[in-house]
Amino acid sequence: MAQADRADRVSPAAAGDPGSGRRPAGFLGVRGWGRDARGSSTWWRGLVLAVLALLLGALMAYHAEVPNSVGNLGSLLETFLPWLGLAVPVLLVPALLRRSATALLALLVPVVIWANMFGGLLTDKSGGTGDFTVVSHNVAAANTDPQGTVRMLEKSGAQIVALQELAGKPLRAYESGLAASYPYHAVEGTVGLWSKYPIGDVSVVDIKMGWTRAFRAEVTTPKGPLAVYVAHLPSVRLKAEGGFTVNQRDVSAQALGDAVEAEPLKKVLLLGDLNGTMNDRSLAPVTSQMRSAQGAAGDGFGFSWPASFPMARIDQIMSKGGLEPTDSRTLERDGSDHLAVAATYRYK
């Protein structure tokens with residue numbers, strides 16, 4: 001009888017009676033995630049945010065389907081593809097403010113897709129010591145401190161150095177400044193190669209530009225010859241009348257890919273400013289047959305451009321054949337608008 005009397009005295013508010021004006025706990029038992037003042041549940045709030053989250057995930061997963069026919073938007077998207085992840089926290093804040101369980105669950109889709117695409121780049125994949133180190137650097141024609149660049153390159157400890165945008169007086173500064181550390185070098189057009197190992201069999205690679213911005217050389221290392229390609233593919237531009245103009249770059253990428261595919265030596269390195277990332281479909285003639293040092297042995301994205309606030313890795317070190325990358329990194333900033341990229345390799 002006493003227990004019945006106590007049950008009769010329980011207030012409607014304590015029992016969660018809807019008529020009491022007190023709303024029960026909502027999503028996952030968290031108070032305040034039930035119905036709002038207008039009666040909308042956590043599952044019906046934030047539907048627009050949920051749709052935007054799903055569209056973001058679809059854009060990441062199917063980026064290759066974005067056409068290049070209009071302003072080459074596909075290549076533009078792929079150049080900055082990792083940055084799409086920043087849209088997740090942008091959508092997360094209003095999802096939390098709206099207390100929308102639907103939007104939060106939808107946001108898991110782009111998070112999982114982004115992690116699958118780029119999560120592996122965030123870990124340190126370096127694999128111990130190697131046999132030699134290479135550096136590639138677009139030194140920039142407008143570099144006002146070539147001597148500082150020379151010091152940076154010597155400090156890198158690299159055995160092989162490839163440079164792009166060489167011309168005039170700065171070129172003479174690099175030739176004289178690097179001579180003591182790198183007794184062998186070759187320059188063709190506006191690209192060059194410096195090496196502690198002998199260089200021979202130098203030949204221009206025609207990348208369909210009308211002037212020389214790529215060549216192939218054979219570098220004789222202590223463990224055998226390497227074919228080293230140095231290249232500077234055409235720049236891309238954002239133009240009001242033409243969108244993201246990459247057509248000339250794409251033609252040159254195909255020509256470079258053809259040359260690498262026809263290479264008779266088994267161990268091949270490609271060093272250069274390719275004006276595109278590994279995600280850019282237009283570089284597939286090259287990237288489909290070569291391995292990125294950053295992707296295999298780097299720590300992070302290794303963005304190299306622009307040097308003031310790096311947003312994309314358009315400077316590449318790639319290989320194929322019996323070469324195992326053990327480390328990949330960017331070097332300290334110098335007078336260029338690019339950061340130099342370095343990689344260490346071990347012979348298989």
Side-chain angles (χ1 to χ4, degrees), residues 23-123 236-246 250 275-284 287 294-295 300-306 308-314:
R23 292 189 297 272
F27 179 57
L28 298 179
V30 179
R31 193 167 299 281
W33 281 68
R35 294 186 180 276
D36 60 17
R38 293 179 296 181
S40 297
S41 75
T42 185
W43 299 107
W44 284 101
R45 294 194 298 270
L47 292 182
V48 172
L49 293 171
V51 170
L52 291 176
L54 294 176
L55 289 175
L56 174 63
L59 186 60
M60 291 181 184
Y62 298 102
H63 61 87
E65 303 304 320
V66 177
N68 263 344
S69 56
V70 180
N72 291 291
L73 290 178
S75 285
L76 176 60
L77 171 66
E78 288 164 342
T79 297
F80 301 103
L81 193 58
W83 292 93
L84 286 182
L86 291 180
V88 171
V90 171
L91 293 174
L92 176 62
V93 172
L96 291 172
L97 292 175
R98 292 281 291 139
R99 294 189 173 98
S100 171
T102 302
L104 290 180
L105 291 177
L107 276 170
L108 290 176
V109 174
V111 167
V112 170
I113 293 173
W114 190 95
N116 183 63
M117 294 176 67
F118 303 111
L121 293 175
L122 302 180
T123 60
V236 296
R237 293 287 187 268
L238 279 170
K239 296 181 178 179
E241 72 279 8
F244 188 61
T245 58
V246 297
D250 297 351
N275 273 304
T277 69
M278 294 297 292
N279 298 113
D280 191 335
R281 72 193 74 175
S282 298
L283 293 186
T287 57
Q294 183 67 24
F301 290 98
F303 294 147
S304 63
W305 177 88
S308 57
F309 188 84
M311 297 183 65
R313 186 181 178 89
I314 62 175

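In this text, all values refer to a predicted model and were calculated from it rather than measured experimentally.
When all heavy atoms are compared, the tightest approach of G295 to L121 is CA-CD2, 4.0 Å. P310 and S304 make their closest contact through CB-N, 4.2 Å (heavy atoms, listed as atom of the first residue, atom of the second, distance). Contact between L49 and A103 at its shortest, heavy atoms only, is CB-CB, 3.9 Å. Heavy atoms only, all atoms of each residue included: A312 and T277 are closest at CB-CG2, 4.2 Å. Residues T102 and A50 share a closest heavy-atom pair of CG2-CB, 3.8 Å. Taking every heavy atom of both residues into account, N68 and S75 meet most closely at OD1-N, 2.9 Å.
A side chain to side chain donor-acceptor pair (under 3.5 Å) check over residues 48-66, counting only residues at least two apart or in different chains, returns the pairs H63-E78.
When side chains are defined from C-beta on, L77 counts as touching L84, because their heavy atoms get closer than 4.5 Å. Proximity of V109 to M60: side-chain heavy atoms (C-beta onward) are nowhere separated by under 4.5 Å.
With sequence neighbours excluded, the residues satisfying ring-ring contact (aromatic ring centres under 6.0 Å, His included) with W83 are F303.
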Step-by-step side-chain contact (heavy atoms from CB on, under 4.5 Å) determination, L105 to L108
CA-CA 5 Å; L105 291 177; L108 290 176; 4.1 Å; yes
Using side-chain contact (heavy atoms from CB on, under 4.5 Å), reason through L59 and V66 one step at a time and then give a plain yes or no.
CA-CA 8 Å; L59 186 60; V66 177; 3.9 Å; yes
Please report the C-alpha distance between T287 and N279 in whole Å, then the side-chain angles of each, then the deciding distance to 0.1 Å, and finally whether the side-chain contact (heavy atoms from CB on, under 4.5 Å) criterion is met.
CA-CA 9 Å; T287 57; N279 298 113; over 6 Å; no
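Note: L91 CG to L96 CG = 11.0 Å, rounded to the nearest 0.5 Å. To the nearest 0.5 angstrom, S100 atom OG is 8.5 Å from W43 atom CH2. For the atom pair CG of L52 and CG of L47, the computed distance is 11.0 Å after rounding to the nearest 0.5 Å. The CG atom of L283 sits 7.5 Å away from the CG atom of D250 when rounded to the nearest 0.5 Å.
A distance-only check finds a donor-acceptor pair linking the side chain of T42 to the backbone of R99 [under 3.5 Å]. Put simply, the side chain of S40 never gets that close to the backbone of R45: no donor and acceptor are under 3.5 Å apart. Remark: side-chain polar atoms of R313 are paired, donor with acceptor, to backbone N or O of G302 under 3.5 angstrom.
Among V88, I113, V90, the single residue meeting the side chain to side chain contact (heavy atoms under 4.5 Å, CB included) criterion with L56 is V88.
With a 6.0 Å radius and a threshold of 12 heavy atoms from other residues, nucleotides or ligands, W114 has its CH2 atom above the threshold.
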